[in-house]
Amino acid sequence: MRAIVYHGRGDVRIEDVDEPTPGAGEVKIRVENNGICGTDLHEYYDGPIFISTAPHPLTGAQMPQILGHEFSGTVVGVGAGVSDVREGDRVCVEPIYRCDECPRCRAGFYNLCQKIAFHGLMSRGGGLSEYTVVPARTVHHLPDSVSLQLGALVEPMSVGYHAARRGELSEGESAVVLGAGPIGIGTYLALRGLGISDVTVIEPSAVRREAVQKLGATSVVDPLDTDPVAYVMDRTGGAGAAAVYETAGVDASLGSAVDMVAARRRIVEVAICDHALPLNTNTLVFTEAMVVGSLAYTGEDFAAVLDLMSRGHYVTDGWVEHIGLDKIVDEGFAALRAQSKMKVLVDVGAGR
């Protein structure tokens with residue numbers, strides 16, 4: 001079968017690899033669509049970062065690595081002991097491997113597992129291949145009204161949904177999303193799905209501003225033209241936003257977040273950055289504001305996103321584009337890095 005295999009920085013190859021077979025407790029999926037994630041970009045241009053160069057302590061996997069952790073497809077095989085997934089089921093995958101033994105797992109925070117691994121980054125397979133095998137417990141069934149295309153977006157949209165909940169907002173309160181890339185858009189849509197209507201999006205890219213406006217955002221600010229802190233403080237009557245979501249991962253973004261959040265409320269750091277961001281702790285002291293992290297998702301987030309998708313809340317018009325497997329570098333990685341495209345789905349199943 002064909003697969004996108006990562007061999008190191010700037011080195012991904014389309015290779016013919018052995019088709020996997022499901023073992024006990026596993027399912028085999030014929031992949032239809034796989035989204036390219038910002039993490040994939042970081043690995044291609046700056047890695048290896050999360051991809052293991054030595055056997056991973058949980059999965060034993062190491063480079064070369066089949067990429068892809070945002071994917072959907074159809075189940076074509078089940079291993080021994082699997083009873084709740086059947087051949088023919090349309091599914092997406094929550095790509096977390098966890099140990100179930102560390103203090104965080106035992107406390108119920110398996111998305112923070114101290115040995116965490118992700119399918120397509122530290123695993124024996126990935127979604128950028130014609131077929132892949134995953135643990136049955138990571139599979140989520142797609143409702144009849146949710147297409148396989150939307151199914152490939154459940155994973156990144158669940159990142160945004162998990163982040164949105166970390167802000168601990170109530171209806172009628174205001175939020176700010178810093179950055180309108182795919183995770184910023186996911187956070188915006190999650191907030192709206194949670195009943196938060198007063199959402200300001202701050203984004204310097206005209207392409208991204210236009211995309212989020214097409215999705216219904218009416219308070220969208222270009223920080224190169226308008227002081228975002230002054231804008232938010234004016235919009236909130238001087239109180240500040242009840243929650244601020246930092247999805248851009250740049251110094252100025254976090255600095256603005258600290259200055260625009262309301263007293264004793266939350267800044268949610270969603271972006272995984274390639275360097276440590278500066279933080280004005282004096283402002284935090286004088287406002288008693290909090291900076292909290294948000295990592296990945298849980299099954300609860302996947303279920304919530306799938307429910308919203310089944311009710312038509314998530315749309316792909318204007319921000320999601322499709323490419324073939326052989327266009328992964330030029331029309332995928334390079335286009336996303338140049339911000340000429342918003343979100344790219346690889347049509348792994350095209351041409352079968």
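- In this structure, CE on Met309 lies 9.0 Å from CG on Leu142, to the nearest 0.5 angstrom.
- Salt bridge Lys343/Glu70: present, at least one basic N to carboxylate O contact under 4.0 Å.
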Legend entry - Trace of the side chain to side chain contact (heavy atoms under 4.5 Å, CB included) decision for Tyr245 with Leu191: CA-CA 11 Å; Tyr245 299 86; Leu191 288 166; 3.6 Å; yes
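- Side-chain contact check for His69 versus Val93: every heavy-atom pair is 4.5 Å or farther apart.
- With a 4.5 Å cut-off on side-chain heavy atoms, Val268 and Val244 do not count as touching.
- Using a 4.5 Å heavy-atom threshold, the side chains of Pro48 and Met63 count as touching.
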Legend entry - From CA spacing to verdict: side chain to side chain contact (heavy atoms under 4.5 Å, CB included), Arg208, Met342: CA-CA 7 Å; Arg208 292 182 170 188; Met342 283 283 298; 3.1 Å; yes
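- Looking at Ser340, its side chain does come within 3.5 Å of a backbone N or O of Ala335 through a donor-acceptor pair.
- Under the side chain to side chain contact (heavy atoms under 4.5 Å, CB included) criterion, Asp144 pairs with no residue at all, not counting sequence neighbours.
- Shown here for Val176 and Ala241, the closest heavy-atom pair between the two residues is CG2-CB, 3.7 Å.
- The two residues Ala180 and Val201 come nearest to each other via the heavy atoms CB-CG1, 3.8 Å.
- Using a 4.5 Å heavy-atom threshold, the side chains of Ser72 and Val154 count as separate.
- Distance check, rounded to the nearest 0.5 Å: CZ of Arg98 to OG1 of Thr298 gives 10.0 Å.
- For the atom pair OG1 of Thr316 and CD of Gln149, the computed distance is 4.0 Å after rounding to the nearest 0.5 Å.
- Under the 3.5 Å distance criterion, the side-chain polar atoms of Arg209 are matched with a main-chain donor or acceptor of Glu203.
- The distance from atom CD of Glu246 to atom CD of Glu269, rounded to the nearest 0.5 Å, is 4.0 Å.
- Leu345 and Leu336 fall within a single hydrophobic cluster, where Ile, Leu, Val, Met, Phe, Trp and Tyr side chains are chained together by heavy-atom contacts under 4.5 Å.
- For the pair Thr39/Ile272, no side-chain contact is recorded, criterion being any heavy-atom separation below 4.5 Å from C-beta on.
- Looking at Asp347, its side chain never comes within 3.5 Å of a backbone N or O of Gly349 through a donor-acceptor pair.
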Inset, instruction - Start with the C-alpha distance between Glu19 and Arg2, add both sets of side-chain angles, then the distance that settles salt bridge (charged side-chain N to carboxylate O under 4.0 Å, His left out), and finish with yes or no. - result: CA-CA 9 Å; Glu19 195 171 307; Arg2 295 197 307 162; over 6 Å; no
Legend entry - Chi angles and distances behind the side chain to side chain contact (heavy atoms under 4.5 Å, CB included) call for Val133, Thr21: CA-CA 7 Å; Val133 165; Thr21 301; 6.0 Å; no
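- Under the 4.5 Å side-chain heavy-atom criterion for Ile, Leu, Val, Met, Phe, Trp and Tyr, Leu58 and Ile96 are members of distinct hydrophobic clusters.
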Inset, instruction - Test Arg266 against Glu168 for salt bridge (charged side-chain N to carboxylate O under 4.0 Å, His left out), laying out the working first. - result: CA-CA 8 Å; Arg266 291 186 167 207; Glu168 297 190 352; 3.4 Å; yes
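- The ring-ring contact (aromatic ring centres under 6.0 Å, His included) contacts involving residues 295-324 comprise His140-Phe302, Tyr297-Phe302, where partners must be two or more places apart or lie in separate chains.
- Within the structure, every pair that satisfies the ring-ring contact (aromatic ring centres under 6.0 Å, His included) test and touches residues 4-50, not counting sequence neighbours, is listed here: Tyr44-Phe333.
- Annotation for Leu306 and Pro143: closest pair CD2-CD, 3.9 Å, computed over non-hydrogen atoms.
- The existence of a salt bridge linking Arg9 and Asp11 is excluded, since no basic side-chain nitrogen approaches an acidic carboxylate oxygen closer than 4.0 Å.
- Residues Pro20 and Met1 share a closest heavy-atom pair of CD-CE, 3.6 Å.
- A chain of hydrophobic side-chain contacts below 4.5 Å, direct or via other Ile, Leu, Val, Met, Phe, Trp or Tyr residues, connects Val134 to Val78.
- The shortest non-hydrogen separation linking Ile4 to Ile14 is CD1-CG1, 3.4 Å.
- Atom-to-atom distance recorded for Arg165:CZ and Ser294:OG is 9.0 Å, nearest 0.5 angstrom.
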Inset, instruction - Output, in order, the C-alpha distance, side-chain angles, deciding distance and verdict of side chain to side chain contact (heavy atoms under 4.5 Å, CB included) for Arg192 and Val199. - result: CA-CA 8 Å; Arg192 295 302 304 271; Val199 184; 4.2 Å; yes
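- Judged as a side-chain hydrogen bond (donor to acceptor under 3.5 Å, both in side chains), and not counting sequence neighbours, Lys115 has no contacts.
- Phe71 meets the ring pair (Phe, Tyr, Trp, His ring centres under 6.0 Å) test with His119; sequence neighbours excluded.
- Between the side chain of Ser256 and the backbone N or O of Ala252 there is at least one donor-acceptor pair closer than 3.5 Å.
- The pair Arg265-Glu173 meets the salt-bridge criterion, since a charged nitrogen lies less than 4.0 angstrom from a carboxylate oxygen.
- Between the side chain of Ser310 and the backbone N or O of Ser145, no donor-acceptor pair lies under 3.5 Å.
- Without hydrogens or angle criteria, Ser129 side chain to Gly126 main chain gives a donor-acceptor distance under 3.5 Å.
- Atom NE2 of His162 sits about 11.0 Å away from atom OG1 of Thr187, to the nearest 0.5 Å.
- When each of Val320, Asn34, Ile36 is checked for a side-chain contact (heavy atoms from CB on, under 4.5 Å) with Val344, only Ile36 meets the rule.
- Proximity of a side-chain donor or acceptor of Tyr97 to a complementary backbone N or O of Met122 within less than 3.5 Å is not detected.
- With hydrogens and angles ignored, the 3.5 Å screen pairs no side-chain donor or acceptor of Thr226 with any backbone N or O of Pro228.
- A side-chain donor-acceptor contact under 3.5 Å links Tyr188 to the backbone of Ala217.
- A cation-pi geometry, defined here as NZ or CZ lying under 6.0 Å from the six-membered ring centre and within 45° of its normal, does not hold between Arg104 and Phe109.
- Sorted by first then second residue, the side-chain hydrogen bond (donor to acceptor under 3.5 Å, both in side chains) pairs that include residues 231-243, not counting sequence neighbours, are Asp198-Arg235, Thr200-Arg235, Ser219-Tyr231.
- Using a 4.5 Å heavy-atom threshold, the side chains of Pro103 and Gln114 count as touching.
- Within the 4.5 Å cutoff, the side chain of Val76 has heavy atoms near those of the Arg30 side chain.
- Shortest non-hydrogen contact noted between Asp40 and Gly35 is OD2-O, 4.0 Å.
- Residues Leu178 and Thr247 have side chains not in contact (no heavy-atom distance under 4.5 Å, counting atoms from C-beta outward).
- Side chain of Ser253 to main chain of Val250: no donor-acceptor pair is present (N/O by atom type, distance under 3.5 Å, no hydrogens or angles).
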